[in-house]
Amino acid sequence: MKYSIAVFVSLIVLAAANTPSREEVLERLAVIRSTQRGNMNIEAAEGEFLSDLVRQVRAKRVLEIGTSNGYSGIWLALGLRDTGGKLITLEIDNGRYSLAQQNFRDTGVAPLIDSRLTDALQELKKIDGPFDMVFIDAWKPDYGKYLELVLPKVRSGGVITAHNVTSHPRDMQDFLARIRSDPQLKTEIVNLGRGKQGISVSWKK
Ligand SMILES: C[S@@+](CC[C@H](N)C(=O)[O-])C[C@H]1O[C@@H](n2cnc3c(N)ncnc32)[C@H](O)[C@@H]1O
């Protein structure tokens, strides 16, 4: 009931603010992915999955490590429009960070996003939890360090997701070993889209 009211209120606010519709954002996402190549974006099917997961968790606070040009962040924000939540996203590269700002504005999701040009390994030491959901998609050998830093900041019942777990297992062996064995986590792997790059979904007990 509380969730229905939140969705209803979000719809009214979106209409009043003349925010792009879901269909308009999806069209823009398709253009971004096809015209801004080389930004290592997830696939649309994976974006849809993450967006749905935001809704399923009823996430209010989401953290993304590895913004790139903002493609996956916009998918996360589509879910957050429905839950009334916000995204913090971290990117170390100035060019991709700037492009993300433009893409967040163009799709109308900028007000939902705190986008930071920073080294996530340093920034994560300063960010306070709790988070409902985390999406890791940066330098693969650092995934183990990201997990170490974010795990205490995720609430019980929250979820840590990570990209490329099927395509790059050798680059993140410590991360994969921990999500499979840490008693605080229950992990499943989903393989979506043509690339089947793999997203790990680790629920915190
Ligand atoms: C695979 S791309 C992210 C793609 C994005 N999630 C998407 O699907 O649209 C990885 C990004 O992580 C960034 N990155 C790598 N190491 C980082 C760090 N220590 N802190 C912040 N960003 C980092 C890279 O610059 C790159 O833009």
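Order of appearance sets the numbers: ligands from 1, and atoms from 1 within every ligand. Since this is a predicted model, take the numbers as computed values, not measurements.
Salt-bridge annotation for D137 and K140: present, with a side-chain N of the basic residue lying under 4.0 Å from a carboxylate O of the acidic one. Between K86 and D114 there is no salt bridge, since none of the side-chain N atoms of the basic residue sits less than 4.0 Å from a carboxylate O of the acidic one.
Screening K204, R61, Q184 for a side chain to side chain contact (heavy atoms under 4.5 Å, CB included) involving V154 leaves a single residue, K204.
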Side-chain donor/acceptor pairs under 3.5 Å, residues 145-152, sequence neighbours excluded:
from	atom 1	to	atom 2	distance (Å)
K145	NZ	D142	OD1	3.3
E148	OE1	R178	NH1	2.9

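Residues satisfying the side chain to side chain contact (heavy atoms under 4.5 Å, CB included) test with D52, not counting sequence neighbours, are E48, R55.
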N/O to N/O under 3.5 Å, ligand 1 against protein:
from	atom 1	to	atom 2	distance (Å)
ligand 1	6 (N)	G66	O	2.9
ligand 1	6 (N)	S72	OG	2.8
ligand 1	6 (N)	D137	OD2	2.8
ligand 1	8 (O)	I42	N	2.9
ligand 1	8 (O)	S72	OG	3.3
ligand 1	9 (O)	N41	ND2	2.8
ligand 1	9 (O)	S72	N	3.1
ligand 1	9 (O)	S72	OG	3.4
ligand 1	19 (N)	D119	OD1	2.9
ligand 1	19 (N)	Y146	OH	3.2
ligand 1	20 (N)	A120	N	2.8
ligand 1	22 (N)	I92	N	3.2
ligand 1	25 (O)	E91	OE2	2.6
ligand 1	25 (O)	R96	NH2	2.9
ligand 1	27 (O)	E91	OE1	2.7
ligand 1	27 (O)	E91	OE2	3.2
ligand 1	27 (O)	R96	NE	2.7

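The hydrophobic cluster containing Y97, built from Ile/Leu/Val/Met/Phe/Trp/Tyr side-chain heavy atoms closer than 4.5 Å, also comprises L117.
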